Q: 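For reference, the structure I am asking about is given below.
Start at 1 and go down the list; that is how both ligands and their atoms are numbered. All figures in this text were calculated on a predicted structure; none of them were measured in a lab. Only this structure's heavy atoms are used, side chains among them; waters, hydrogens and symmetry mates stay out.
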Amino acid sequence: MSLPPADLLTHFQALDAFLLAHQALWRPKPFTYLHLPWETNHPELAHWLRARTLAQAEAEYNHPELLAAPAPYPVLAAQAATLSAVDALPTGALHPCSPRLNVDVPGRKWQQIEAFADALTFQQPVSGWLDWCAGKGHLGRRLLQPGQELTCYEYDPQLVAAGQALSQHHHLSAEHRLQDVMADNCQLPAERTAVALHACGDLHTRLLQRATAAACPQLAIAPCCYNRTAAEHYQPLSRAAAASTLRLSRDDLGLPLSETVTAGARVRRQRDQSMAWRLGFDLLQREARGSDEYLPTPSLPSGWLAKPFAEYCSGLADLKEIALPASVDWQVAEKAGWQRLAQVRNLELVRNLFRRPLELWLVLDRALYLQENGYQVRVGLFCTSTLTPRNLMVLAGRAKPFQNGNTTCG
Ligand SMILES: C[S@@+](CC[C@H](N)C(=O)[O-])C[C@H]1O[C@@H](n2cnc3c(N)ncnc32)[C@H](O)[C@@H]1O
């Protein structure tokens, strides 16, 4: 379903109301609570979720809307699905390219790049590209057409050098500039169409600020890592988000990124073990400290998981400078960690219902900011979530309106 232009704001406000109304359900992280505050109000749902297995949680983890759980789950799931519905962007912008251009690019990355490029149906001809946080500049090279210029901004010298070498190898004239995009001296080259594929948090919001200040003619971003920000709390970009009473911590901003990526059995097992052991240790530290509070622990080298559970816990207790209880039945303690993991993953399904609404709220904040600054804006999907879960794109142009309305966000 497509929405008329004004509906970017209407949609944002509906998401805002939904997120505000149900904060008690999505803010607290089951990993850090033995008993979540909302469980008191929804005992049947909590009990039902807690009785399920880890494998059952896994089955619906990335599609929590499919779960037939007790009230109020189905109503919330339906609302979340309606509010998160976004159409695919129109395509057709992808030009043929040399068959060897993708040598050196991992297959999935190349598919993301081609999908991104295909969705760049700008209204104005492109005289040149700016690839923002370009890495080796694969996206920019894929977009570059005869007669166009390409500049890539990247702050990792090795990626800049590798990108330069690749452009030379393909006989493409591109400037790979060593540039910290957060630096005060970072300027946009005039009249370039700017693209940013998966530039994290502050990196893509800086592009929006620079682009509006420089009246950049056209731009497209596919945001990611909303929580990679210098500020502890979210800094709204648009007037609509600034007017909202929703205050987001850096931790909250991590919610949209919490899908489990498709991983092999060994990686999944290792991730599960790491979490189950942390949860097992958490039970022991609560007992040892006589405090019912979660104790954050540092990330640990994977070698720690090869130790016996008892050694793992003693090592972690040393790091945190706490004394564990004198006698521990380690088998029981480890089993308790795995039981908690199953409960945590199932309870997280409630929180996961708000993952996409929160992401869309953040993306619409970016879109509204551009709209407030004189851009015609579209928001839509540029690929399936199996290719990348960060599949939302904001496409903006200063000149004529897009042919079919401004937004495919609906
Ligand atoms: C997630 S990667 C995306 C790379 C590329 N756009 C792609 O999709 O393959 C983010 C890139 O931003 C670069 N980066 C991080 N901080 C930066 C900064 N302050 N200035 C410029 N580039 C930066 C990183 O080195 C990395 O290459």
Side-chain angles (χ1 to χ4, degrees), residues 89 93-94 97 101-120 128-144 150-167 170 172 174-189 192-211 213-214 216 219-231 235 250 253-254 256-257 259 261 359 362-363 366 381-395:
L89 285 163
L94 191 67
C97 73
L101 201 61
N102 62 346
V103 172
D104 227 30
V105 191
R108 186 179 286 259
K109 181 85 246 169
W110 188 250
Q111 286 174 282
Q112 289 172 17
I113 284 172
E114 293 222 304
F116 186 100
D118 205 19
L120 298 182
W129 299 97
L130 171 64
D131 189 348
W132 186 262
C133 298
K136 294 181 189 172
H138 297 308
L139 172 64
R141 263 190 306 278
R142 182 63 185 87
L143 294 170
L144 190 59
L150 168 64
T151 303
C152 297
Y153 282 177
E154 169 58 52
Y155 85 155
D156 179 332
Q158 287 185 343
L159 295 177
V160 171
Q164 194 74 63
L166 278 168
S167 291
H170 292 291
L172 294 173
E175 182 194 6
H176 292 261
R177 191 188 294 178
L178 184 65
Q179 174 71 57
D180 176 358
V181 299
M182 300 306 289
D184 290 342
N185 73 355
C186 181
Q187 302 289 336
L188 264 55
R192 293 298 177 86
T193 293
V195 288
L197 171 57
H198 296 162
C200 306
D202 286 343
L203 302 176
H204 71 258
T205 55
R206 181 56 61 97
L207 171 60
L208 302 186
Q209 288 155 346
R210 290 277 184 234
C216 170
L219 68 145
I221 59 165
C224 80
C225 302
Y226 305 94
N227 56 350
R228 296 237 182 133
T229 57
Q235 309 290 307
R250 200 187 281 134
L253 296 173
L257 314 168
E259 283 112 311
V261 279
E359 176 163 26
L362 293 164
V363 167
R366 283 141 182 79
L381 305 178
F382 72 95
C383 68
T384 62
S385 60
T386 46
L387 199 51
T388 168
R390 301 284 74 72
N391 62 350
L392 287 162
M393 180 190 274
V394 179
L395 196 65

Q: Once you round to the nearest 0.5 Å, how far does NE2 of H198 lie from CG of L139?
A: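 Those atoms lie 10.5 Å apart.
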Q: Around atom 20 (N) of ligand 1, find the nearest protein heavy atom and jot down its residue, atom name and distance.
A: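 The protein heavy atom lying closest is V181 N, 3.0 Å.
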Q: For ligand 1, indicate whether the residue L203 contacts it via side chain, backbone, both or neither (heavy-atom separation under 4.0 Å).
A: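 For L203, the contact with ligand 1 is made by the side chain alone.
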Q: Under 4.0 Å from a heavy atom of Q179: which atoms of ligand 1 are those, numbered in the order shown and with their elements?
A: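 That gives atoms 20 (N), 21 (C) of ligand 1.
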Q: Who's the nearest protein heavy-atom neighbour of atom 24 (C) of ligand 1, and how far?
A: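 Protein heavy atom with the smallest distance to atom 24 (C) of ligand 1: E154 OE2, 3.5 Å.
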Q: Starting from atom 15 (C) of ligand 1, which protein heavy atom do you reach first, and at what distance in Å?
A: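 Nearest neighbour among protein heavy atoms for atom 15 (C) of ligand 1, to 0.1 Å: Y155 CE2, 3.3 Å.
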Q: Got the closest protein heavy atom to atom 8 (O) of ligand 1, with its distance?
A: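 So the nearest neighbour among protein heavy atoms is K109 NZ, 2.8 Å.
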Q: Would you please name every residue forming a ring pair (Phe, Tyr, Trp, His ring centres under 6.0 Å) with F116, sequence neighbours left out?
A: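 Here the qualifying residues are F382.
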Q: Mark up the atoms of ligand 1 that fall under 4.0 Å of a heavy atom belonging to D180, in ascending order.
A: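 Counting atoms of ligand 1 from 1, those under 4.0 Å from D180 are 18 (C), 19 (N), 20 (N).
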Q: Do R192 and T151 have side-chain atoms, one donor and one acceptor, less than 3.5 Å apart?
A: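 Yes, side-chain donor-acceptor contact under 3.5 Å.
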Q: For ligand 1, which atoms have a heavy atom of L159 less than 4.0 angstrom away?
A: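 Answer for ligand 1: 25 (O), 27 (O).
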Q: Under a plain distance cut-off of 3.5 Å, with no hydrogens placed, do N185 and Q179 share a side-chain donor-acceptor pair?
A: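 Q179 vs N185: donor-acceptor pair found between side chains.
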Q: On the 0 to 90° scale, with breaks at 30° and 60°, tag the Y226-H204 ring pair as parallel, tilted or perpendicular.
A: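 Perpendicular, since the angle between the ring planes exceeds 60°.
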Q: For atom 5 (C) of ligand 1, what's the nearest protein heavy atom and its distance?
A: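 For this ligand atom, the closest protein heavy atom is C133 O, 3.5 Å.
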Q: Out of all atoms in ligand 1, which are within 4.0 Å of some heavy atom of G135? Include the element for each.
A: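 It comes down to these atoms of ligand 1: 27 (O).
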Q: Look at the side chain of D118 and the backbone N and O of A93, then say whether any donor-acceptor pair between them is shorter than 3.5 Å.
A: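 Yes, the answer is positive, given that a donor and an acceptor are paired below the 3.5 Å cut-off.
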Q: Record the part of A134 in heavy-atom contact with ligand 1 below 4.0 Å; permitted values are side chain, backbone, both and neither.
A: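 For A134, only backbone atoms sit under 4.0 Å from ligand 1.
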Q: For atom 10 (C) of ligand 1, which protein heavy atom lies nearest, and how many Å away is it?
A: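 Ranking protein heavy atoms by distance from atom 10 (C) of ligand 1, first comes H198 O, 4.0 Å.
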Q: For the side chain of E154 and the backbone of G135, is there at least one donor-acceptor N/O pair under 3.5 Å apart?
A: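 Answer holds: yes.
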Q: Rounded to the nearest 0.5 Å, what separation is found between the CE atom of M393 and the CD1 atom of I221?
A: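 It is 9.5 Å, given to the nearest 0.5 Å.
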